[in-house]
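Single-structure report; data block below.
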Amino acid sequence: MLSVACCRLLVPRALLGYSAGRRLYSEKCTKERIQDGPKTTKVPKIYTKTGDKGFSSTYTRERRPKDDLLFEALGDTDELNSAIGLAREFSLDANHIFVPELEKIQCMLQDVGSNIATPLSSARESHKVRTSFSAEPVQELEQWIDKYTSQLPPLTNFILPSGGKTSAALHVARAVCRRAERKVFKVIQAGEADQNVGKYLNRLSDCLFTLARYAAQAEGRKETVYTRTP
């Protein structure tokens, strides 16, 4: 099942992402302990204070300003994941069949973040092996696009974000994806991330557009067609 595969993808690699810079390398733990029978467990703090001076860490332990292009790309990717999470909740409420796909996409975006958070200029070979991003997820998106497009009428007009809550939310995610793609491609052009990450975001925006149209059709909602104002 996708949910299982999702967890397998998420757990090892999410820990390598940009959040790793904030948490994995902080050795600060609260002095409080949780009693669990004879065992005691340290509780890690959610805050580390390591970014108070305007710098954050990459997975390679490199310190960069928070407004560095790399962190901007990570922020947009995180926003994209959140937007898809909202669209997924609407999709669950409407019992859409593509919910597992959205779940897997969210997991893959964690892998995207892991790759971006590992700048190639400071990465060791062990870093690259653990955070590399292959072409397979790109091909999977293309398969999904073809699958759902085959069930839709041909697109003959420009359509506006519409078609119900699920469809509109997917359109929002699509727009955020385009912005994330623009930022990530700058990181790729700087030679700091895998090219497949950019390709994935490019296909993802097309996939989200396709799913938005499919959601509208499945819910029997009408899409608003663009008409030129006089």
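We're numbering straight along the sequence, starting at 1. Heavy-atom basis, side chains included; hydrogens, waters and symmetry copies ignored.
Taking the charged nitrogens against the carboxylate oxygens, Lys147 and Glu101 do have a contact shorter than 4.0 Å, which makes a salt bridge. A salt bridge does not link Lys66 to Asp52: none of the charged nitrogens lies less than 4.0 Å from a carboxylate oxygen. Between Lys104 and Glu140 there is a salt bridge, with a side-chain nitrogen of the basic residue lying less than 4.0 Å from a carboxylate oxygen of the acidic one. At a threshold of 4.0 Å, the pair Arg178-Glu181 counts as salt-bridged, since one of the basic side-chain nitrogens sits closer than that to a carboxylate oxygen.
Between Phe71 and Pro65, the closest heavy-atom pair is CD1-O, 3.2 Å. Smallest separation of non-hydrogen atoms from Thr58 and Ala117: CB-O, 3.3 Å. Nearest heavy atoms, Ile116 versus Leu70: O-CD1, 3.2 Å. For Asp194 against Ile188, the heavy-atom pair with the smallest separation is O-CD1, 3.6 Å. Looking at every heavy atom in both residues, Ser205 comes nearest to Arg174 through O-CG, 3.6 Å. Heavy atoms only, all atoms of each residue included: Ala173 and Ile84 are closest at CB-CG1, 3.9 Å.
Between the side chains of Glu219 and Thr166, at least one donor N or O sits under 3.5 Å from an acceptor N or O.
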Can Leu86 and Val172 be said to form a side-chain contact (heavy atoms from CB on, under 4.5 Å), step by step?
CA-CA 10 Å; Leu86 178 61; Val172 171; over 6 Å; no

The test is side-chain contact (heavy atoms from CB on, under 4.5 Å); show your working for Val112 and Phe133 and say whether it passes.
CA-CA 7 Å; Val112 167; Phe133 197 90; 3.7 Å; yes

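Ser162 places a side-chain N or O within donor-acceptor distance of the main-chain N or O of Leu160, the cut-off being under 3.5 Å. No donor-acceptor pair under 3.5 Å is formed between the side chain of Arg203 and the backbone N or O of Val138.
In this structure, CZ on Arg213 lies 13.0 Å from CG on Leu170, to the nearest 0.5 angstrom.
Linking ILVMFWY side-chain heavy atoms closer than 4.5 Å, directly or via other members, places Ile97 and Leu208 in a single hydrophobic cluster.
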